[in-house]
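Each chain gets a letter, A, B and so on, in the order the sequences are listed, and its residues count up from 1.
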There are 2 protein chains.
Amino acid sequence: MANYQNNPIDRTFAALADPTRRYVLQRLMDEPDLSVSDLARPLSLKLPGLMKHLDVLSDAGLIRRTKTGRTVQVRLAAEPMQQAMEWLNQYQRFWSASLDQLTAFVEAQEEP
Amino acid sequence: MANYQNNPIDRTFAALADPTRRYVLQRLMDEPDLSVSDLARPLSLKLPGLMKHLDVLSDAGLIRRTKTGRTVQVRLAAEPMQQAMEWLNQYQRFWSASLDQLTAFVEAQEEP
DNA sequence: CGAATACTTCACCATATGGCAAACTATCAA
DNA sequence: TTGATAGTTTGCCATATGGTGAAGTATTCG
């Protein structure tokens with residue numbers, strides 16, 4: 001093989017390509033600082049499985065883990081998504097309809 | 001293992017996770033309807049290697065291939081990126097600085 | 001027709017990924 | 001201090017991915 005996701009944007013997109021990992025990210029949006037077992041509870045995989053996903057997310061810089069006592073708090077660190085977003089932005093001229101959607105979305109965000 | 005990218009958004013992000021494939025997409029933005037060998041020429045891989053990448057991109061719905069005679073035209077089909085984009089949009093509230101950037105970008109696009 | 005061109009398919013390889021059970025390492029509670 | 005709890009590490013496995021060379025299929029050119 002060769003290179004295997006070693007640049008940041010590769011790792012970001014690769015991390016986002018798995019539904020379990022996207023689920024983790026979405027949960028962390030709503031409930032910050034969840035523990036590893038809190039995250040695992042609703043999932044149908046064992047802890048070692050989740051660990052691997054968390055490693056992928058950490059390597060991509062999308063989460064940060066801090067251990068206090070015996071529990072680990074997992075927190076979102078969405079910075080790398082910005083790059084991913086910027087990369088995708090280039091393609092907007094190929095779907096102007098959705099450009100309108102995006103504009104609406106951004107405007108909605110700007111309102112109080 | 002399990003599920004291996006079988007839903008559309010998985011396939012989209014997985015397709016975007018490789019630099020060769022992102023290169024192909026970017027070239028197709030600038031020069032639509034390139035042939036397979038045109039795409040391969042500047043790359044340091046053999047045709048079968050590129051073929052696999054094109055298969056991944058097709059399966060993700062990001063390109064479309066049409067054969068005329070013995071040459072194949074590859075065209076961008078960026079629709080699935082919209083979904084990817086929308087997914088990423090959720091995270092904007094985690095980086096408001098770049099939200100401003102995005103707003104600027106969208107506004108720039110809207111000007112003639 | 002015969003040969004070159006433009007892909008495509010096949011068989012093969014090394015490494016990655018996503019999952020598990022089992023064993024291990026804290027840390028907190030009784 | 002024993003035991004439960006929270007997480008990690010270590011094999012191990014099956015399948016995926018990204019690459020190759022070699023052979024196969026059309027199509028076009030001379």
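Between the side chains of A/Q83 and A/T12, not a single donor N or O lies within less than 3.5 Å of an accepting N or O.
Spacing between atom CG of B/L45 and atom C1' of C/dC13 amounts to 16 Å, rounded to whole angstrom units. Here C/dG19 presents its C1' atom at 13 Å from CG of A/L43, a figure rounded to the nearest Å. Put simply, CG on B/L50 is 10 Å from P on D/dT20, counting in whole angstrom units. If you take CZ of A/R41 and C1' of D/dT5, they are 11 Å apart, rounded to a whole angstrom. Between A/K46 atom NZ and D/dT5 atom C1' there is a gap of 16 Å when expressed in whole angstrom units. Rounded to an integer number of Å, the gap from A/H53 NE2 to D/dT8 C1' is 16 Å.
Panel note: side chain B/R75, backbone B/R64; no donor-acceptor pair is recorded below 3.5 Å. Under the 3.5 Å distance criterion, the side-chain polar atoms of B/R21 are matched with a main-chain donor or acceptor of B/A14. A donor-acceptor distance shorter than 3.5 angstrom exists from the side chain of A/S35 to the backbone of A/D38, with no hydrogens or angles considered.
Between A/R11 and A/P80, the closest side-chain pair of non-hydrogen atoms is not below 4.5 Å.
Counting any heavy atom pair closer than 4.0 Å across all strands shown, B/G49 reaches a base atom.
DNA chain C is contacted by both A/G69 and A/V56; A/V56 maps to the nucleotide lying nearer its 5′ end (nearest heavy atom per residue).
The two residues B/N7 and A/R22 have their closest heavy-atom pair at ND2-NH2, 3.9 Å.
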Between protein and nucleotides 4-11 of chain C, what N or O pairs are separated by less than 3.5 Å?
| unit_1 | atom_1 | unit_2 | atom_2 | d |
| --- | --- | --- | --- | --- |
| C/dT5 | O4' | B/R70 | NH1 | 3.2 |
| C/dT5 | O2 | B/R70 | NH1 | 2.7 |
| C/dA6 | O3' | B/R70 | O | 3.1 |
| C/dC7 | OP1 | B/V72 | N | 2.7 |
| C/dC7 | OP2 | B/S35 | OG | 3.4 |
| C/dC7 | OP2 | B/S37 | N | 3.1 |
| C/dC7 | OP2 | B/S37 | OG | 2.1 |

